[in-house]
Every structure is written in structure tokens, then in C-alpha cells.
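Below: one structure, written as C-alpha cells.
These figures come from a predicted structure and were not determined experimentally. We number each residue from 1, following the sequence as shown. First listed ligand is number 1; within each ligand, the first listed atom is number 1.
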Amino acid sequence: MRTVTERQTRDAVIVGGGHNGLVTACYLAAAGLRVTVLERRPVVGGAAVTEEFHPGFRNSVAAYTVSLLNPKIIRDLDLARNGLRIVARQLANFLPLDEMHYLKLGAGKTAAEVAKFSAADAGRLDAYAQRLDAVADVLRDLVLETPPNVTSGSWAAALPELLSGARLGKRLSRLDLPMRRELLSLFGGSAGDYLDGWFESAPIKAAYGFDGIVGNYASPYAPGSAYVLLHHVFGEVNGKKGAWGHAIGGMGAITQAMAKTAAERGVEIRIASPVREVTTARGRVTGVVTEAGESFPARCVVSNLNPKLLYGSLIEPGALPPDFRERITRWRCGSGTFRMNVALSELPDFRCLPGRSPAEHHTAGIIMAPSLAYMERAYLDAKAHGWSREPIVEMLIPSTLDDSLAPPGRHVASLFCQHVAPELPDGASWDAHRETVADLMIELVTRHAPNFKAAVLGRQIFSPLDLERTFGLSGGDIFHGKLSLDQLFSARPMLGHGDYRGPLRGLYMCGSGTHPGGGVTGAPGHNAAREILRDFKRRRLRRA
Ligand SMILES: Cc1cc2nc3c(=O)[nH]c(=O)nc-3n(C[C@H](O)[C@H](O)[C@H](O)COP(=O)(O)OP(=O)(O)OC[C@H]3O[C@@H](n4cnc5c(N)ncnc54)[C@H](O)[C@@H]3O)c2cc1C
């Protein structure tokens, strides 16, 4: 392990200590590089953090549930030894529909539950799961790969990319024709059309379709929403594919474990150190300067930021190629997400499934949106009005699985609400409407569980503007950029830069604005580190 002293040139400075920045730092340091992470906030973890939001009540304040975190990364970074423990929910999902009816999804239960609404749908569940899982396997295979980069220029540069493209082609050619058709539907089509093709009853389509609009400001019938659905199923919990679980201690337990590993490997982590500028000279980066005016010379600079934020705010525009500079301003960002944390005196008592004592449905992802049509209306309403007056809320009550988050007998809940407009249509500020919209979300839950409103002891609210201000998420985009076909794989964040290398020598990207995109996966950080280490090996970068 090599330690860094003041003024010494680092091998790598990482701008941003989100989970991906930490993952990159861990891999680079394991290879013997001198690495410094500079994080703007007083805590590392980015959108994956646990904080006290009300006296005595802690929660995962932004990202709130785990599935996508890659098992190889968990192993390579020894996260379990550093305190990470992930537990499964007792029930995957619970959809309160009206005063009488609900749907539960969970191992051994889903078929009987769906049969309450359609026997035909119950009979199709296994085939659907198998088909989706087979396509998700394709994605799982690609998650830790660097996409083939689209290059121009010499054969020497193009050849490795052609080979990588050929390897990808070979992989896809192993799929039979029906599977390739499925792949096309899921990559190009809408979640709504896809689910309508499989099922006839509304509740199961709503349960599955919710994944298509998470963080995606769109109707479930918008082309591309099927990919967003797929993006949410490539994970696993403790080996169970597609499941979602809870990190004991909240999402911050993941990033604190990463920070511990980083520190063990000699990474210098500085919190409350916002970077003001990435410095450049003659087409290559030379280091960074913080807001406080401190310089950090470095062989390479690795950005964990949304590409729009990096290129729009931290790099002198004249240093970037004109076409790149112009295109990156068109990088599409903006989730329809409004996020709340509430401290609760008691558990919600649902009209359709009464009871205030902890039960399996209290541990589930509780989706309040009964149909795809309802979700489409929510989007159209938000588009016209700024927020949907009949919104979509997923509520999770992690204190039912983890007693470290709230005082005994009390609870914390995450409210993950869609759809709100990232920017209000009349140019008004979200600051003027935050409380009104928060009240609306509480009212919606209270319609299903009448004791909810009175049980709220405290609340924390993040409008899209708050997500941007607090976490640096441009447009409140939870994925660092829309997961649309033109912003995925080799085109994330732009054709020619899908391999984690920026348009300046020595500049790399390791955040969710690179392949495979958003979510607490660690994959962009893992892949970026591999490319950086390759460049050190090829002596494109020299050790300090
Ligand atoms: C409300 C919400 C709910 C979500 N729910 C889930 C979920 O349940 N499960 C899931 O898997 N994913 C979820 N996501 C998505 C997931 O959290 C993100 O995609 C992921 O955390 C992004 O990780 P990252 O490391 O790429 O970037 P980030 O976490 O955004 O980290 C970037 C870091 O850079 C720092 N930074 C910014 N500017 C500077 C600067 N100038 N100088 C220094 N540092 C800077 C930021 O403070 C931040 O720490 C959610 C996201 C949000 C916002």
C-alpha cells in the first residue's frame, strides 16, 4: 500500500464519492495506485446513504432498496467482512387496490393471488418469469463488460473494438429466434404493450409495470419503458435472481463498507471537498482544483458525476471538442421522482388488509397504483400540471426488517413517488410547491391506510430540485441520464466514449451516466477501473 502526501501527484483523483467512485477507488488502489477521492458532501455514498432525518429516526434517504449490486463486486471488495448484510423481504410486493382488494407477490404465493383476478394470468406467470429471466441473463452477461467503442481513425484503434463487437454478436447469436424477438420487444417497446401481450388483469400488470416507470418520467406505454422494466430485474438478493432486499443499516451500510475497504487499501477520502474545476493542458487533464482552491495534480481524473454536470460545470468549454461539447448539452436527464422519508408512531393499517402489528405485507414494496392506465394518467397529469394529482407511490418500511433504524415500536418509511415534472411547466420553483405535493403523497397513502397521516411524526422531502441540490443529480435524474436506447451501452454517454474514456487524455467516467447505467450496481465503477488499469499497463498513463 502506498500513502499519499500533500502536493504529491496522485495516480488518480476521483471526483465524487458515490458508490461507483468508491468502487473504482477500491480496484485502482488494489492494483497499487495512489488514489484520492474528493466528495462534495459531508458523507460519502452519493444517493446510497443512511442519515438521521428526524431525531432518533434513520433511513436510506434516497436509494432505499438493494438488488442490482453486483455479486462479484461484493466479493472483490470484501463488503461482507466490512459489515454489509443484505436480508430478503418476507414478501416481494403488496398492492392495496381498494377497500376490499389487494394483490400480494412473493415466493409460492403469486399464482394464487393473481388467480383472484384471472386464472389465465395465473397460468402464464411461470412462462413470463422464464422469458424475462432469460432476457435479463443477456443483460447480466453484459453488465460487467465494456461496450464496444465506436471509433474513427486507424485500424489499430478500431480492431479491438471490432473484436469486442464480434464477441457480443457471438453471444447474441446463441439466442434462438423467439428470444431475439423478445429482446427486441424489451429493448425497443413499451412496458405497457409488453405486459398487455402477456396478461389480461390490471393488478399484475401494475405490479410488474411499476418497474417500467421508476425514475422514468414517461407513460408505461412510452417506447423504451420496457427496457427500464428489464433494468430493474437483472439483480439478485443472496443468489435469488430478480429479488429486492434490504441492507441492514440502510443503503449507507453498502457505501460505508466500500469506504472501509477503500481506506484499508490506502485510498485517501476527503469529504466536504467539492471540486470546482478539472484542469487541462494541451488536450489532457492535469488534475483538479477544489472550491477551497486546493490543487490536486493527477495522472488521471475519474468523474463519478452525471456527464452533464461534469462537462457543463467543471471543464472549461474551450478544452472540449466542439461536437462533443454541443452534444453533451443535449444529454437527457430528469426523473419524475419525488422522494420522502417519514418517521412513524405506528405501522399503517390498510383497509383491505387490516392490522397494525408487523405482518409480511409491511415488509414488502407497497405499490399504490392499481393499473397501467392509472400510471399513464399520472404521467399525463404531471406533464400538464407539474405533478400528478393521483400519484404513484411505492412505500417501503425498512424498520420492519431492521431494528437499527427507529426507536422500539416506531418505524421509518420510504415513499418513492412518481410522477412529478422535473421542471414545473409554468417555470415555478419546486420550492413553492414542495409541501403541497408532500401533503398529497401522505393523503394518497392515508386513503389506503387511514391511520397513516396521524402516525407521521416527522418528514423529509426531496423534490426533483432538492435531489439536484443535495445529491448533484441533474434534473433529479436518479440514473444520471435517461435509460433510453440512444443513451445506452456504447452510446452512454455518447458514441465514441462508451468505454469510460472522456474526450481528453487522462479523463475517465465511472458514474451511472456510463454503461450499464443507474442503480446501486457498482458496475460502472468496476468497468471504469478495468479500463484505467489497462491504460496504465499500456503506458498511456504513467505511474506517479
Ligand atoms: C430518490 C432515489 C431513489 C433511488 N432508489 C434506488 C433503489 O432503491 N435501488 C437502487 O439500486 N438504485 C436506486 N436509485 C438509483 C441509485 O441510487 C443511483 O443510480 C446511484 O446511487 C448512483 O450512483 P453513482 O455512484 O453513479 O452516483 P452518485 O450516487 O450520484 O454519486 C455522485 C457523487 O458525486 C458527488 N459530487 C457531485 N458534484 C461534485 C463535485 N463538484 N465535487 C465532488 N463531488 C461531487 C455527489 O455528492 C455524489 O456523492 C435511486 C436514486 C434516487 C435519487
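- Taking R501 as the reference, D499, E531, D535 meet the salt bridge (Lys or Arg N to Asp or Glu O under 4.0 Å) condition, with sequence neighbours excluded.
- Considering only residues two or more places apart in sequence or on other chains, Y374 meets the ring-ring contact (aromatic ring centres under 6.0 Å, His included) condition with none of them.
- More than 12 heavy atoms of other residues, nucleotides or ligands sit less than 6.0 Å from atom CZ of R284.
- With respect to E360 and K104, a salt bridge is recorded, a charged nitrogen being found less than 4.0 Å from a carboxylate O.
- Residues passing the ring-ring contact (aromatic ring centres under 6.0 Å, His included) test with H448: none are found, sequence neighbours excluded.
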Contact table ligand 1 N or O to protein N or O, d under 3.5 Å:
from     : atom 1 : to   : atom 2 : distance (Å)
ligand 1 : 8 (O)  : Y64  : N      : 3.0
ligand 1 : 8 (O)  : T65  : N      : 3.0
ligand 1 : 8 (O)  : T65  : O      : 3.3
ligand 1 : 9 (N)  : T65  : O      : 2.8
ligand 1 : 11 (O) : V520 : N      : 2.8
ligand 1 : 19 (O) : I478 : O      : 2.8
ligand 1 : 19 (O) : G519 : N      : 2.8
ligand 1 : 23 (O) : H19  : ND1    : 3.1
ligand 1 : 25 (O) : H19  : N      : 3.2
ligand 1 : 25 (O) : H19  : ND1    : 3.4
ligand 1 : 25 (O) : N20  : N      : 2.9
ligand 1 : 25 (O) : N304 : ND2    : 3.1
ligand 1 : 26 (O) : N20  : ND2    : 2.9
ligand 1 : 26 (O) : N304 : ND2    : 3.4
ligand 1 : 26 (O) : S512 : N      : 3.0
ligand 1 : 26 (O) : S512 : OG     : 2.8
ligand 1 : 27 (O) : H480 : NE2    : 3.2
ligand 1 : 29 (O) : A47  : N      : 2.9
ligand 1 : 30 (O) : H480 : NE2    : 2.9
ligand 1 : 41 (N) : V275 : O      : 3.1
ligand 1 : 42 (N) : V275 : N      : 2.9
ligand 1 : 44 (N) : R40  : N      : 3.2
ligand 1 : 47 (O) : E39  : OE2    : 2.7
ligand 1 : 49 (O) : E39  : OE1    : 2.6
ligand 1 : 49 (O) : E39  : OE2    : 3.1
ligand 1 : 49 (O) : G46  : N      : 3.4

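- Electrostatic pairing of E145 and R530 does not count as a salt bridge here, judged by no charged N lying under 4.0 Å from a carboxylate O.
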